[in-house]
Amino acid sequence: MTIIQLQYVLAVAQCKNFSTAAKKCFVTQPTLSMQILKLEEELDILIFDRTKKPIEATDIGAKIIEQAKNIVNESQRIKDIISIHKGFIGGEFRLGIIPTITPTLLPMFLNNFIKKYPKIDLKIEELNTQDTINYILQGELDAAIVATPLKEDFIVEKPLFHEPFVAYIPNNHRLRNNNRSIKISDLKVEDILMLEDGHCFRNSVLNLCQPQKKALPNETFEIRSGSFETLIKLANEGLGMTLLPYLHTLDLSDENKKNLSYFSEPSPAREISLIYHNNELKSNIINALHKLILEIVRGAIAFENVKIISPLQKK
């Protein structure tokens with residue numbers, strides 16, 4: 001039994017296809033298939049049911065796969081220990097980012113990061129918060145950038161910044177005013193356009209309107225969208241208002257920026273953090289990423305001197 005064989009098994013388990021798994025591992029399909037067959041012969045069991053399409057693990061195979069994850073992850077940690085000892089910042093680093101952060105934060109730091117640390121093989125995946133937690137706990141991600149607090153066992157939260165919420169209020173809306181300032185108490189859940197279920201930003205908005213939690217937003221129609229751009233266009237059509245993360249407002253057109261209103265103090269905000277497993281050994285990379293994002297975002301967040309409050313604090 002070898003680590004390589006276990007890596008091939010994990011690739012097939014993930015891809016559910018031998019050909020795709022071989023490409024993922026940068027080997028030919030016959031090579032990958034032969035190594036997995038040798039392992040099955042050594043163990044005297046079948047790990048995969050090849051008659052199923054897509055391929056599925058057998059009952060005993062599923063148990064082998066779970067143990068293989070542990071073994072492969074632990075083998076990788078030996079390299080991490082050596083890297084930390086030598087102060088080396090490099091190697092593969094798997095980073096998850098939630099969708100409401102990816103389009104604004106990622107372009108701000110990615111180019112600088114890969115130029116500053118060219119020896120890091122950065123793998124980035126856009127995932128919802130729960131998936132990032134699961135993948136970190138399973139060892140499939142090294143870290144993630146999400147909205148916190150999560151209060152999850154074994155997960156360390158390393159705060160990056162607080163991102164204020166900004167109201168997008170079009171003409172003819174009841175909250176539109178000249179001084180462009182509103183209060184949390186002004187919000188009514190029934191006329192706020194929101195992201196679809198599964199987005200933590202939606203949960204934060206609903207939490208701000210908790211006293212009205214029995215009300216249903218937009219009872220006259222239902223939309224499932226993961227795009228702030230869609231919500232802005234609907235607001236412009238007179239279908240309601242919406243709330244945006246501050247960084248998202250920086251790229252709006254000058255015309256759309258006229259529809260922004262800012263909250264009076266304390267301004268609601270979400271905490272954005274870099275999270276990782278408490279036994280994660282890639283601390284050199286985590287600390288380097290954390291420091292770089294702090295340096296870049298500090299200049300972009302114009303609300304540093306404004307008193308802010310997390311939506312979770314309103315519970």
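We're numbering straight along the sequence, starting at 1.
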Please find the pair of heavy atoms, one from [X] and one from [Y], that lie closest to each other, and give the distance.
X: A57; Y: F48; answer: CA-CD2, 4.1 Å
X: A269; Y: P164; answer: CB-CA, 3.5 Å
X: L127; Y: D131; answer: CB-CB, 4.1 Å
X: A288; Y: F113; answer: C-CE1, 4.2 Å
X: C25; Y: L32; answer: SG-CD1, 4.2 Å
X: M241; Y: L175; answer: SD-CD1, 3.8 Å

With side chains defined as the heavy atoms from C-beta onward, is the minimum distance between [X] and [Y] less than 4.5 Å?
X: I272; Y: V297; answer: no
X: R176; Y: N259; answer: yes
X: S283; Y: Y276; answer: no
X: L294; Y: F161; answer: no
X: I232; Y: L244; answer: yes
X: L187; Y: I182; answer: yes
X: P245; Y: T104; answer: no
X: T100; Y: H248; answer: no

Test log, rule side chain to side chain donor-acceptor pair (under 3.5 Å), inputs E66 and N70: CA-CA 7 Å; E66 287 304 309; N70 296 331; over 6 Å; no
Member of V12, L10, L6 meeting the side chain to side chain contact (heavy atoms under 4.5 Å, CB included) criterion with I65: L10
Residue from L193, I192, N256 passing side chain to side chain contact (heavy atoms under 4.5 Å, CB included) with Y168: N256
Atom pair [atom1] ([X]) and [atom2] ([Y]), whose distance is rounded to the nearest 0.5 Å:
X: D121; Y: I114; atom1: CG; atom2: CD1; value: 11.0 Å
X: Y117; Y: F93; atom1: OH; atom2: CZ; value: 12.0 Å
X: D251; Y: K257; atom1: CG; atom2: NZ; value: 7.5 Å
X: I275; Y: L150; atom1: CD1; atom2: CG; value: 5.0 Å
X: I64; Y: L43; atom1: CD1; atom2: CG; value: 5.5 Å
X: T129; Y: I97; atom1: OG1; atom2: CD1; value: 12.0 Å

Just wondering, more than 12 heavy atoms not from [X] lying within 6.0 Å of its [atom1]?
X: E42; atom1: CD; answer: yes
X: K69; atom1: NZ; answer: yes
X: D59; atom1: CG; answer: no
X: N172; atom1: CG; answer: no
X: K63; atom1: NZ; answer: no

So, does [X] use its side chain to make a donor-acceptor pair with the main chain of [Y] at under 3.5 Å?
X: E163; Y: R270; result: no
X: E157; Y: K151; result: yes
X: S261; Y: A167; result: no
X: E271; Y: P159; result: no
X: N278; Y: V156; result: no
X: N112; Y: F109; result: no
X: Q7; Y: V72; result: no
X: S227; Y: E229; result: yes
X: S33; Y: Q29; result: yes

From CA spacing to verdict: side chain to side chain contact (heavy atoms under 4.5 Å, CB included), F165, I184: CA-CA 10 Å; F165 295 175; I184 295 175; over 6 Å; no
Quick one: do [X] and [Y] end up in the same hydrophobic cluster if we chain Ile, Leu, Val, Met, Phe, Trp and Tyr together by side-chain heavy atoms under 4.5 Å apart?
X: I71; Y: L141; answer: no
X: V146; Y: I124; answer: yes
X: M1; Y: V9; answer: yes
X: Y8; Y: L37; answer: no
X: L137; Y: L95; answer: yes

Residues I293, I145; criterion side chain to side chain contact (heavy atoms under 4.5 Å, CB included); working and verdict: CA-CA 11 Å; I293 294 177; I145 300 175; 3.8 Å; yes
Mutual orientation of the aromatic rings belonging to H277 and F154 [parallel < 30°, tilted 30-60°, perpendicular > 60°]: parallel
Step-by-step side chain to side chain contact (heavy atoms under 4.5 Å, CB included) determination, L250 to L247: CA-CA 6 Å; L250 300 181; L247 291 180; 3.9 Å; yes
